[in-house]
Amino acid sequence: MPLSSVRTLLLWLVCACLLPGVIGAVALFSFQYQEGRAQLQKDTIQTARALIQTVDTRLLQAQSVAQTLSTSPHLAMGEFAAFHRRARELLQTTGIGTAITLTDESGQQLLNTKLDFGAPLPPSVDLERLHRIFSTGQPVISDVFIGQITGRPLVSVHVPVLLGGKVVYDLGISILSEDLNQILRKQHLAANWIVAISDRTGTMAARTHAPERFIGKKAAPEFIERMLAAPEGALETMTREGIPVLTMYSRSPLSGWSVVIGIPRASLEAQLMRGITFLGVGIATLFGVGIGLAWLMADRIAHSVRALTAPAIALAAGEALVVSKVHFREADEVAKAMAHTAQLLMQGTRALQESEGRYRALVEWSPEAIIIFRDGKVLYVNLAAIEMFGARSAQDLIGKSIFDFIHPDFRQIALARMNSLAGYVGGLRMIEGKLIHFNGTVIDIEVQNTAIVYDGDPAIHSSMRDITARKRVELDMQQQQKEIMHLSRVTMLGELSGALAHELNQPLTAILSNAQAAQRFLAKGDFDEVRDILQDIVDEDKRAGEVIRRLRRLFDKGETARQSVDLNEVVLEVVHFLRIDLTNQGVALTTELAPVSPLVCADRVQLQQILINLVMNACDAMASLSAPERRITVRTALIDECVQVSVIDCGMGIASASLEKIFQPFYTTKEHGMGLGLSICRNIADANGGQLWGENNPQRGASFHVRMPLLVKDTL
Amino acid sequence: MNLAPRVFLVDDQAAVLKALSRLLTSAGFAVTPFESAQDFLASGNADAAGCIVLDLSMPGMDGLALQQALATYPNALPVIFLSGHGDLHTGVQAMKSGAVDFLTKPVDGDRLIDAVRLAIESNCHARRACAQRDEILARLASLTPREREVLYLLVEGKLNKQVAAELGTVEKTIKVHRARAMAKMKVRSLTALVRLVDRYGSANAV
């Protein structure tokens with residue numbers, strides 16, 4: 001879809017803004033017109049009503065004059081000449097009508113003021129009316145008729161003349177249609193209005209326009225029909241001349257006469273056209289001005305926006321910005337923002353260049369060997385890497401496969417790590433590995449790999465550190481550690497020598513005594529006894545041998561072997577081993593063993609060594625107590641997922657400040673101690689995955705605990 | 001009470017106990033072994049004739065403790081200690097408390113047998129001397145108070161006359177008391193009487 005220009009959009013905007021107004025104005029105008037028309041009809045009908053009342057008044061005036069005249073004594077006396085004179089005087093003074101007539105029941109005029117008294121009179125033409133007056137005795141207003149004497153259209157008002165309660169004559173006053181026309185003329189109605197007065201039958205009694213042509217003529221029959229249907233109304237009709245008019249009429253309920261007002265439709269429509277023209281011109285002017293202004297503004301906006309195009313291109317190209325004049329604030333703000341961005345971009349570019357330079361220098365001169373490679377091919381090496389591999393220059397390495405330099409033992413791992421970095425940005429934790437030097441020797445390294453983007457494509461950044469020397473030191477240290485452990489065991493041997501001597505002394509004593517007894521029995525020839533003795537000597541000798549073997553096991557400088565060990569068994573072995581020494585020192589040792597054999601993965605001999613140390617320390621701690629108070633409890637218990645061996649004494653306890661110090665090498669509270677026992681014990685516990693700590697008992701004495709993770713059978 | 005001398009052996013090590021008891025049996029001693037000091041005390045042989053060979057270190061009651069318990073008996077068995085380690089301090093303490101000998105394990109058979117023999121002999125002597133003293137004390141006990149007064153004054157070397165004067169009586173009466181006391185003490189001469197009373201007859205012993 002093609003994009004619209006600002007100009008089009010603004011024009012649409014103007015239209016959108018004006019249209020509701022225009023529709024509103026048209027609707028309002030139309031409503032006003034309708035209202036005006038309705039109001040006009042109402043006003044006109046009222047005018048008609050007022051007119052018909054005036055006509056009524058005129059006719060009633062005539063009626064009341066006639067009634068007054070009917071009571072004239074001249075009539076009662078039958079003095080018609082005097083009455084004729086009197087009537088003529090009355091007509092002259094009041095101007096109420098043009099003639100007064102007196103007619104008897106047969107329809108013969110007896111008197112007519114138009115004619116001199118005594119002149120021959122025509123008979124009355126309207127016998128029907130005559131009959132109504134004589135039968136009802138009520139006044140009657142005639143329809144329009146042509147006077148027999150004057151030959152002009154007339155209207156007459158008739159009243160009965162009563163003599164002795166009986167209707168004897170009909171007294172009539174004739175009024176010229178022109179008189180009624182006078183009523184219309186006096187109203188100063190609009191010149192183009194066609195106003196007419198009609199009688200009960202729709203015959204026109206007066207008319208403002210061309211009365212000579214239409215008075216006495218009937219109105220159009222359909223109009224008469226409509227008029228008879230309702231006392232008042234409005235309808236569109238044609239005049240007798242053929243002018244289309246809007247007609248309003250009002251009929252008098254009193255006389256049944258009507259006033260009809262016709263407003264030519266042409267005049268009304270001219271008014272409407274004038275309104276429509278004004279409205280049209282107004283709307284057109286509004287649109288013209290709006291569109292003109294929008295056009296002007298669209299030009300300025302388009303210009304301002306186009307003025308930003310060149311700077312934007314310059315910004316993208318990193319060139320200096322020149323912004324030509326813009327015409328509105330938003331564009332100005334964008335221009336300023338672009339100028340600011342350009343400045344930042346320039347600074348950023350500079351910083352980036354500096355940073356890149358710094359990074360290059362850092363990488364190039366980093367003490368750690370750095371290699372960047374992709375798909376196993378070396379892309380970059382720094383100076384430290386060249387040195388580490390023993391290459392002459394970077395060219396010896398670049399382009400080669402990285403796997404050529406990785407020790408075969410680590411190629412699998414290296415490949416797995418590279419795969420895990422594929423399609424991923426981030427680093428992998430540091431691992432140890434081995435590389436092959438250019439001269440074929442093996443280098444121990446620590447390596448850390450990071451996925452990076454190099455020259456636009458993913459690559460791997462490897463940071464390596466030569467730890468060959470450190471490894472050697474670590475190995476030395478491990479060796480030394482082993483030596484120290486052995487030394488500690490030898491030291492313990494010294495401390496245990498008393499107990500060992502005693503342990504060996506028992507079988508030796510038995511053997512010697514048995515042997516000497518045997519000599520005596522032999523001298524006496526008692527061979528049976530000698531046989532028993534020899535068996536006992538063999539047994540005792542075996543026992544001594546077992547003691548020696550156990551000793552040798554304990555003090556062997558062998559490799560440690562971690563295996564499944566039952567801690568309860570270890571405790572019992574140690575107790576057995578030390579029992580004589582404990583007896584000599586007057587110490588009572590009790591064991592509280594876990595009901596289920598607690599298996600741990602550890603070196604049996606090392607665990608024995610720890611326990612021997614702890615029990616002997618406990619004995620030393622109670623040296624100042626009297627013999628019956630010297631009690632040691634050795635307890636094994638399952639706690640969480642661990643098994644805990646506790647050696648609990650009731651000696652003096654440990655000063656709380658020393659609770660951790662006692663595990664430091666060469667810290668001792670004993671006169672002859674080297675201060676190595678507990679520190680080595682803790683090392684051994686750590687090496688076997690356990691913990692060793694000491695604490696004071698709530699009552700008296702101290703406890704030492706070794707906690708080892710419980711061996712789950714499946715993991716063995 | 002069996003008066004034939006016996007050797008009582010106390011050692012917590014069954015094998016050692018058996019071997020030692022064989023050795024001493026082969027040397028002709030009657031041996032009674034015990035595995036603990038308490039067992040021995042319970043057997044009621046503390047003042048039997050013979051000797052006791054006692055291991056120094058034992059669980060529960062050790063050798064020294066048993067020696068102290070024995071010391072409360074007037075006619076206790078002589079003690080020969082056997083020790084696993086020749087601890088000088090313990091040895092001195094044991095000897096001070098009246099041990100006959102202190103031997104270290106492993107012990108040479110002849111030395112042990114000699115020590116046992118010597119101990120039994122000394123026990124024999126002691127028991128004999130003890131019996132003699134009991135006899136003389138019994139004789140002394142049979143004297144009347146007057147006879148005892150006369151006897152002590154004579155032993156002090158006073159003449160009959162002097163005794164009579166001191167006791168406020170006549171010489172003839174003293175002579176009668178003296179003859180009766182001599183007869184009761186079963187001595188013929190005044191010298192023998194003096195020796196007897198000098199050895200056992202201290203006044204508080206009566």
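Note on naming: letters A, B, ... go to the chains in the order of the sequence lines (proteins, then strands), and numbering restarts at 1 for each one.
Of the residues considered (R579(A), E540(A), R520(A)), R520(A) shows the highest number of contacts with chain B, using heavy-atom pairs under 4.5 Å. Listed options K18(B), M58(B), Q13(B) were ranked by heavy-atom pairs under 4.5 angstrom with chain A; first place goes to Q13(B).
A pairwise comparison of heavy atoms in Q516(A) and V107(B) identifies OE1-O, 4.0 Å as the closest pair. A19(B) and A510(A) make their closest contact through CB-O, 3.3 Å (heavy atoms, listed as atom of the first residue, atom of the second, distance). Scanning both residues, S513(A) and L20(B), for their nearest heavy atoms gives OG-CD2, 3.2 Å.
The OG1 atom of T509(A) sits 11.5 Å away from atom CG of L103(B), with the distance rounded to the nearest 0.5 Å. In this structure, D12(B) CG and T583(A) OG1 are separated by 7.0 Å, a value rounded to the nearest 0.5 Å. From N514(A), atom CG reaches atom CZ of R22(B) across 5.0 Å, with rounding to the nearest 0.5 Å.
The part of L512(A) that comes within reach of chain B is its side chain, from C-beta onward, which places non-hydrogen atoms under 4.5 angstrom from that chain. For a residue to count as touching a neighbouring chain, one of its non-hydrogen atoms must lie under 4.5 Å from one of that chain's; by this rule D539(A) does not touch chain B. Heavy-atom distances place both the backbone and the side chain of I533(A) under 4.5 Å from chain B. Within the 4.5 angstrom heavy-atom criterion, atoms from both the backbone and the side chain of Q506(A) approach chain B.
Contacts of K524(A) classified as salt bridge (Lys or Arg N to Asp or Glu O under 4.0 Å), with partners at least two apart in sequence or in another chain: none. Under the rule for a side chain to side chain donor-acceptor pair (under 3.5 Å), the partners of S597(A) that lie at least two apart in sequence or sit in another chain are D566(A).
The closest side-chain heavy-atom distance from T25(B) to E529(A) is not below 4.5 Å.
Contacts between residues 27-41 of chain B and chain A, defined by a heavy-atom separation under 4.5 Å, are made by A27(B). Scanning residues 108-117 of chain B against chain A with a 4.5 Å non-hydrogen threshold yields D108(B), G109(B), D110(B), I113(B), sorted by number.
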